[in-house]
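Naming: A, B, ... by sequence-line order, numbering from 1 per chain. Because only heavy atoms are used, hydrogens play no part in the values below, and waters and symmetry mates are left out as well, while side chains stay in.
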Amino acid sequence: MAPTGKVREVLVATVSVRLPTVLRPAAGGQSSVEADGSTVGDVVKHLITEFPALETNLVDDEGAVRKFVNVYLNDEDIRFLDKLNTVVAEGDEVAILPAVAGG
Amino acid sequence: MLEVRRQHWLEMLAESWAQYPLEGCGLLIGEPGGDRVVRFVPIRNEAESARIYRLDGAEYSRAALQADKDDLDIIGVMHSHTHTAAYPSPTDVAEASKPLMPPNWHWVIVSLGWGHPELHSYKIVDGGIAEEPVRLAQ
């Protein structure tokens, strides 16, 4: 019998990632790099594999994005999307920026 | 030292008054690591408060990506103090001392509180405040 259920297709996309200024030396001085993944979490993992020095700055021991780090997918804060599970598409722009606030 | 052109000072002042009585804020864009403002980008105060500011995420991200495309970078942040002196508050110092904050960023504060507006700029590193001279250029 032929399968009738739909299989969820997981696509791996290549996205550009804008790095915060102070982390650029850890990525060979580049302001943005390309990374692959199907979600923002995958992209961050790929980034850390390529540039291990980024890890402690970006994520905590549980793998969650640190509080002082904001991650945007096409200018939208991933905290208001599906956080690290947010699905990315080919050509998306991820920006990693330090949270800026004051009084 | 921070060099601000008259045009950008007027844009910062206009944004500060436009948001009054809330705090206004924006990004200083310049050559990477530079001391001269090439562009001022007003950013919505997501906190919509007269006491604190928080850069709107979408506008912040857009301005940062545009700066990269122009081979420029964020070199500092402006915000207004509506009723207090142009000096960093304890909140300003705590926020500016967080990790990932470039130590060479210029922290500009525009005060509207004393009858005539004032602009001062600071370096804030690891909880320490150092005022820097501001050169007003044409």
inquiry  = So does B:I74 get a backbone contact from the side chain of B:W105, meaning a donor-acceptor N/O pair under 3.5 Å?
reply    = yes
query = Backbone N or O of A:V15 within a donor-acceptor pair of the A:E34 side chain at under 3.5 Å?
reply = no
query = If you look at every heavy atom in A:A95 and B:S61, which pair is closest and at what distance?
reply = CB-OG, 3.8 Å
ask   = chain B: which of A:K67, A:R79, A:E93 shares the most heavy-atom pairs with it under 4.5 Å?
value = A:E93
query = When only heavy atoms count and the cut-off is under 4.5 Å, which of residues 68-77 of chain A reach chain B?
reply = A:F68, A:V69, A:Y72, A:D75
Members of residues 47-59 of chain A whose heavy atoms come closer than 4.5 Å to chain B = A:N57
remark   = The interface call for B:S89 against chain A, heavy-atom contacts under 4.5 Å, is side chain
task = Examine the side chains of A:T21 and B:D73 and answer whether a donor and an acceptor come within less than 3.5 Å of each other.
result = yes
query = So, the side chain of A:E90 versus the backbone of A:T14: is there a donor-acceptor pair under 3.5 Å, distance only?
reply = yes
request  = Write out, in numerical order, the residues from residues 30-43 of chain B with a heavy atom short of 4.5 Å from a heavy atom in chain A.
outcome  = none
ask   = Does the A:Q30 side chain pair with the main chain of A:A27, one donor and one acceptor, at a distance under 3.5 Å?
value = yes
key: Crowding at NZ, B:K123 (>12 non-hydrogen neighbours, <6.0 Å)   = yes
query = Non-hydrogen atoms of chain A under 4.5 Å away: do they reach the side chain of B:R62, the backbone, both or neither?
reply = both
Contacting moiety of A:L23, where chain B heavy atoms sit under 4.5 Å = side chain
key: Inter-residue atom distance A:T39.OG1 - A:L81.CG, 0.5 Å rounding   = 12.5 Å
query = Okay, side chain of A:D42, backbone of A:S38: is any donor-acceptor separation there less than 3.5 Å?
reply = yes
ask   = If you count heavy-atom pairs under 4.5 Å between each of B:L100, B:T91, B:I52 and chain A, which one has the most?
value = B:L100
Side-chain donor/acceptor of A:H46 to backbone N/O of A:D36, under 3.5 Å = yes
query = Do B:V108 and B:L2 come within less than 4.5 Å of each other through their side chains, counting heavy atoms only?
reply = yes
message = Between A:D92 (side chain only) and A:A89 (backbone N and O only), is there a donor and an acceptor less than 3.5 Å apart?
response = yes
ask   = Between B:A58, B:P102, B:P90, B:A47, which has the largest tally of heavy atom pairs under 4.5 Å with chain A?
value = B:A58
Side-chain donor or acceptor of B:S16 paired with backbone N/O of B:M12 under 3.5 Å = yes
ask   = So with a 6.0 Å cut-off around CZ of B:R51, is the heavy-atom count from everything else above 12?
value = no
ask   = B:M101 and A:P98: which non-hydrogen atoms are nearest, and at how many Å?
value = SD-CB, 4.0 Å
inquiry  = The criterion is side-chain contact (heavy atoms from CB on, under 4.5 Å); which residues satisfy it with B:E23, sequence neighbours excluded?
reply    = B:N45, B:Y53, B:H79, B:S80, B:H81
